[in-house]
Amino acid sequence: QVQLAESGGGSVQAGGSLRLSCAASGATYNIKLMAWFRQAPGKEREGVVVFYRGGGSTYFADSVKGRFTISRDNAKNTVYLQMNSLKPEDTAMYYCAATSAFLTVGARFDAMAYNYWGQGTQVTVSS
């Protein structure tokens, strides 16, 4: 089993920045892909970024390209989502996710394809 724990959410004004953390523990050697998803009230969960645990290609949703970046601290089994130039529409609960499967291109942003989830961390951006 893999456990994921997010932290770093909070409230910020539009144009501000936040950095979210996702610490992985347990059978992390099983993880092939990781992702950040978000879900706003009344909306479906949407993928924000997908990346390979060991490095390599990173895939961002169009809505966050140029504003969000990913970094890793492999010694701590932690990944970070740096969010800059935040907008009110970025307000959502943010979830870290992981899968032990290699996903097709079409499945990378499909929440159903991920079998490990954190509890989420709230991000609120005010105008």
> Would one find more than 12 heavy atoms of other residues, nucleotides or ligands at under 6.0 Å from atom CD of Gln13?
Replying inline: no

> Got a second to check how far Ser11's OG is from Gln122's CD, nearest 0.5 Å?
Replying inline: 7.5 Å

> Distance from Lys76 atom NZ to Ser25 atom OG, nearest 0.5 Å?
Replying inline: 15.0 Å

Checking the side chain of [X] only, and the main-chain atoms of [Y] only, is there a donor and an acceptor separated by less than 3.5 Å?
| X | Y | result |
| --- | --- | --- |
| Arg67 | Ser85 | yes |
| Glu6 | Cys96 | yes |
| Thr121 | Gly9 | yes |
| Thr99 | Ala113 | yes |

Could you report the tightest heavy-atom contact between [X] and [Y], atom names first, then the distance?
| X | Y | value |
| --- | --- | --- |
| Pro88 | Ala14 | CD-CB, 4.1 Å |
| Ser57 | Tyr52 | O-CD1, 3.5 Å |
| Arg38 | Ala92 | CB-CB, 3.8 Å |

>> Run the side-chain contact (heavy atoms from CB on, under 4.5 Å) test on Cys22 and Thr78 for me, step by step, so that the C-alpha distance in whole Å, both residues' side-chain angles and the decisive distance to 0.1 Å come before the verdict.
In response: CA-CA 5 Å; Cys22 173; Thr78 300; 5.8 Å; no

>> Please evaluate residues Asn84 and Ser17 with respect to the criterion side chain to side chain donor-acceptor pair (under 3.5 Å), reporting the C-alpha separation (whole Å), side-chain torsions for both, the decisive distance (0.1 Å), and the verdict.
In response: CA-CA 4 Å; Asn84 299 325; Ser17 298; 2.9 Å; yes

> For Val2, which fellow cluster members are found when Ile, Leu, Val, Met, Phe, Trp and Tyr are connected by side-chain heavy-atom distances below 4.5 angstrom, either directly or through intermediates?
Replying inline: Leu4, Val12, Leu18, Leu20, Ile31, Met34, Trp36, Val48, Val49, Phe51, Phe60, Val64, Phe68, Ile70, Val79, Leu81, Met83, Leu86, Tyr94, Tyr116, Val123, Val125

In the structure I gave you, are the side-chain heavy atoms of [X] and [Y] within less than 4.5 Å of one another anywhere?
| X | Y | result |
| --- | --- | --- |
| Trp117 | Gln3 | no |
| Phe109 | Glu46 | no |
| Arg53 | Asn77 | yes |
| Phe37 | Val50 | no |

> Is any side-chain N of the basic residue among Asp90 and Lys87 closer than 4.0 Å to the acidic one's carboxylate O?
Replying inline: no

> Within 45° of the ring axis of Tyr80 and under 6.0 Å from its six-membered ring centre, is that where the NZ or CZ of Arg72 lies?
Replying inline: no

